[in-house]
Protein chains: 2
Amino acid sequence: MAQPDTKTRIISTAEELFALAGFHLTSLRTITTQAGVNLAAVNYHFGSKEALLEAVFDRHLIPLNDIRIKRLEGVAAQAKKSGRPPEVEGVLRCFTEPTLALLHRDSGTGYFRMLVGRSLSDPDQTVRQLFLGRVSGVLELLLDLLCQALPHRSRESVSLKLNFALGAMSHTLIFQGQGGLLGGVDKGKSIDEVIEMLTNFIVKGMEG
Amino acid sequence: MAQPDTKTRIISTAEELFALAGFHLTSLRTITTQAGVNLAAVNYHFGSKEALLEAVFDRHLIPLNDIRIKRLEGVAAQAKKSGRPPEVEGVLRCFTEPTLALLHRDSGTGYFRMLVGRSLSDPDQTVRQLFLGRVSGVLELLLDLLCQALPHRSRESVSLKLNFALGAMSHTLIFQGQGGLLGGVDKGKSIDEVIEMLTNFIVKGMEG
DNA sequence: GTCTATAGATTGATAGAC
DNA sequence: GTCTATCAATCTATAGAC
């Protein structure tokens with residue numbers, strides 16, 4: 001198996017370190033040392049540390065967003081065609097399934113799930129804004145469809161519940177696989193079971 | 001109204017800045033300048049930046065934990081006395097009500113709600129561990145009681161769902177009051193309505 | 001207790017040889 | 001493209017006068 005090129009090695013290592021220790025606590029020296037490349041390579045290939053973070057986001061977030069948007073638009077088109085509002089669970093799964101698939105270890109996304117889980121609430125404004133700018137479009141589309149699925153609820157109520165759901169998802173993306181918050185907790189559950197339980201949790205909360 | 005003393009001014013300013021920008025991105029210079037005190041005062045009164053963070057946590061977290069533990073122990077005692085398992089919603093409210101009360105602007109806790117919301121998933125290990133060490137006892141007690149309330153569910157399942165609930169709560173503590181993730185969303189909801197909706201969301205998800 | 005001044009370490013970024 | 005060397009700007013922490 002051939003070594004990935006320098007640029008890819010930097011992205012992969014940065015993804016891991018940003019996810020585990022955060023953007024500002026991870027120095028370019030740590031990244032380049034662990035990646036086995038020269039310190040100056042980051043600025044040669046990306047221009048700045050912030051641009052490196054953008055590259056880390058974009059590598060997996062652009063394909064992920066494409067999938068989420070295609071699925072959401074599919075549900076929207078079907079609702080329009082049939083003249084009936086979409087189902088809550090169907091709409092939610094357009095978003096939850098591709099997102100929670102990041103939990104699978106064979107998804108090829110490494111530590112990206114932890115980075116996604118933390119970014120929305122990262123204390124660093126740079127991280128937050130770069131991430132939010134990449135997902136706000138999808139979230140607005142999701143909110144529109146959820147409002148169609150729940151026509152008797154106000155947009156404010158649906159948006160509030162969507163925020164609850166996003167919080168549960170983010171938290172799970174971070175902690176799943178390291179024993180949960182209290183340790184030794186996810187031993188008996190497969191990743192697919194976790195995903196189904198979380199989806200059920202969100203659907204019940206959203207409909208209730 | 002008399003000015004608070006130097007130590008209190010430092011704690012209050014640090015609480016706000018740690019909550020808004022994170023522990024490592026907030027320098028002691030920024031804190032002391034905004035608080036109107038000398039840079040060296042932090043190390044005189046607290047010994048180190050990390051000890052200041054502990055003081056910020058402890059000011060509100062110790063009283064909050066006392067309330068949560070008293071309520072949880074009250075429910076535990078009543079269940080034991082009556083010989084019947086406690087109710088899911090009653091157990092959850094022992095934890096959610098005192099915690100979500102942080103959302104009230106007149107609670108005297110300033111930006112503490114945001115700090116709490118971010119700390120559990122903070123990318124900075126120092127922040128995470130200091131915070132987790134202060135809440136893990138309460139969370140274990142809560143988990144024990146939830147398992148009593150849901151005797152037909154495995155401890156792993158209950159723990160997993162508790163993590164979903166904590167994620168939803170953390171997220172809400174961070175974003176409530178600034179228009180939610182997508183902006184302009186919580187205009188029509190009072191804080192008490194938000195708290196009831198979140199409690200209902202969690203109860204439905206936990207029981208479902 | 002409060003202040004000035006500074007030590008000592010680390011950071012992101014870059015210049016310039018190869 | 002990759003490397004060494006270094007700059008300029010930060011940071012926490014502390015020594016010592018008042």
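What you see is a predicted model, and the numbers here were worked out from it, not measured in a lab. Letters A, B, ... mirror the listed sequences (proteins, then strands); counts begin at 1.
Rounded to a whole Å, the CG atom of B:L28 is 20 Å from the P atom of C:dT6. Look at CG on A:L39: it is 15 Å from C1' on D:dG1, rounded to the nearest Å. Atom CG of A:L17 and atom P of C:dG12 are 12 Å apart (whole Å). One interatomic measurement links the two molecules: CZ of B:F46 to P of C:dT2, which rounds to 11 Å at whole-angstrom precision. Distance, A:I31 CD1 to C:dT10 P: 17 Å, rounded to whole Å. Whole-Å rounding puts the A:K49 NZ to C:dT11 P distance at 9 Å. One can place NE2 of A:H24 at 10 Å from C1' of C:dG12, the figure rounded to the nearest angstrom. Atom CG of A:N43 is separated from atom C1' of D:dT4 by 15 Å (rounded to the nearest Å).
Closest to the side chain of B:H45, out of C:dA13, C:dT2, D:dG1, is C:dT2. For A:A40, taking side-chain heavy atoms from C-beta onward, the closest of the listed nucleotides D:dA13, D:dA15, C:dA15 is C:dA15.
Under 3.5 Å, the side chains of B:D124 and A:H24 contain no donor-acceptor pair of N or O atoms. Residues A:D5 and A:T8 bring a donor and an acceptor atom of their side chains to less than 3.5 Å of each other.
The shortest distance between the side-chain N/O atoms of B:N38 and the OP1/OP2 oxygens of C:dT4 is below 4.0 Å. Applying the 4.0 Å criterion to OP1 and OP2 of D:dC11, one finds that B:S27 has a side-chain N or O inside that range. Contact annotation: A:T6 reaches the phosphate of D:dT2 (side-chain N/O to OP1 or OP2, under 4.0 Å).
Checked by atom type and distance alone, the side chain of A:R128 pairs as donor or acceptor with a backbone atom of A:D122 at under 3.5 Å.
Toward the 5' end of DNA chain D, the nearer of the two residues A:R29 and A:G36, judged by each one's closest nucleotide, is A:G36. Both A:V42 and B:V37 lie near DNA chain C, and the one whose nearest nucleotide falls closer to the 5' end is B:V37.
A cation-pi arrangement is not found for A:K161 relative to B:F201, the charged atom failing to lie both closer than 6.0 Å to the ring centre and inside a 45° cone about the ring normal.
In this structure, B:F131 and B:F57 have tilted ring planes: the angle between them lies in the 30° to 60° band.
As judged by a 4.0 angstrom heavy-atom cut-off over every strand, B:T26 is placed among residues touching the sugar-phosphate backbone only.
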